[in-house]
Amino acid sequence: MSLFCTACTNNDKDLLSRIKLRNKIIIGIKNDSKPFGYIENNELKGFDVDVAKSIAKRILGNEDLIEFVPVTAESRISDLNSKKVDIIIATMSINPKRTHIIDFTNPYFVAGQALMLKNSSRINSIESLNTRKVGIILGTTGEKTIRLLAPNAMVIGKKNYNDAFNLLKEDKVDAILADDSILYGFILDNKGYKILPARYTKEYYAVALRQGKENKELKEELNKILEYLHKSGKLNRIKDKWIPNLHKVG
Ligand code: GLU
């Protein structure tokens, strides 16, 4: 503590120091995005959960010192900026619009947007959705892509992935546009659906943080940890555990 800060409280410290002092990191995570963040037998699990645990282990020495807070694609930026959570690990892509209001680490995974359809569908391109109905998840990067590539499609937005999937199941939409990494979970669990081979974007998943000086040390630490997870092979092991056949889908 500096000489000029004799009355400093914990609140004056940077976020990384505060996390260490409280011996807990508060992480916003998905619970509707299998196999990245989902609940099975009352347990939160998935790729992002394992990344979160590896981060807690490196920062606090114990992978269980995490309070997980469920977030949705739509809520996560305000959950972060209102300080409900310290960081977000929730299939969140770095994108220019978001970097105006929040900050990101380096990426830890690359997904791509794809279309999921019923096996019986004859649709074979995103352009042919122009006269049709498409389901998307509100607050995701899919919203922009569909307006760009099929501007005349009728877009139906849902707050979570299960509701969007039900639209397709009940033939209320012709397709769903979302990250292949999450559509993969639905393909594994449900017979009769397919993912088209095209990928319309590259989605660089990263840990999201608030902007500002108090997050500087935490961002540096997170980038070091992600580099370590990459170089040590841990990230690849997490990939093999949760999405071993992603490349074979679509
Ligand atoms: N990666 C995409 C995004 O950040 C979609 C996945 C999601 O978070 O639901 O918007």
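Just so you know, ligand 1 is whichever comes first in the structure, and atom 1 is the first atom listed for that ligand. This is a predicted model, so every value here is computed, not measured.
For the residue pair Ser17 / Glu217, no side-chain donor-acceptor distance below 3.5 Å is found, with atom types taken as modelled.
Judged by distance alone, with hydrogens and angles left aside, the side-chain atoms of Asn160 form a donor-acceptor pair with the main-chain N or O of Asp163 at under 3.5 Å.
In this structure, the side-chain hydrogen bond (donor to acceptor under 3.5 Å, both in side chains) partners of Lys24, at least two apart in sequence or on a different chain, are Glu67. A search for side-chain contact (heavy atoms from CB on, under 4.5 Å) contacts involving Thr140 returns Ala73, Ile137, Tyr161, not counting sequence neighbours.
Residue Val110 shares its hydrophobic cluster (ILVMFWY side chains chained together at separations under 4.5 Å) with Ile26, Val69, Val71, Ile77, Leu80, Val85, Ile88, Met92, Ile94, Ile101, Ile102, Phe104, Tyr204.
The 4.0 Å heavy-atom shell around ligand 1 contains residues Lys30, Ala73, Arg76, Ala90, Thr91, Met92, Ser93, Arg98, Thr140, Thr141, Tyr161, Asp179, Ile182, Glu203, Tyr205, ordered by chain and number.
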Show your reasoning for whether ring pair (Phe, Tyr, Trp, His ring centres under 6.0 Å) applies to Phe36 and Tyr205.
CA-CA 11 Å; Phe36 277 71; Tyr205 291 3; 5.6 Å; yes
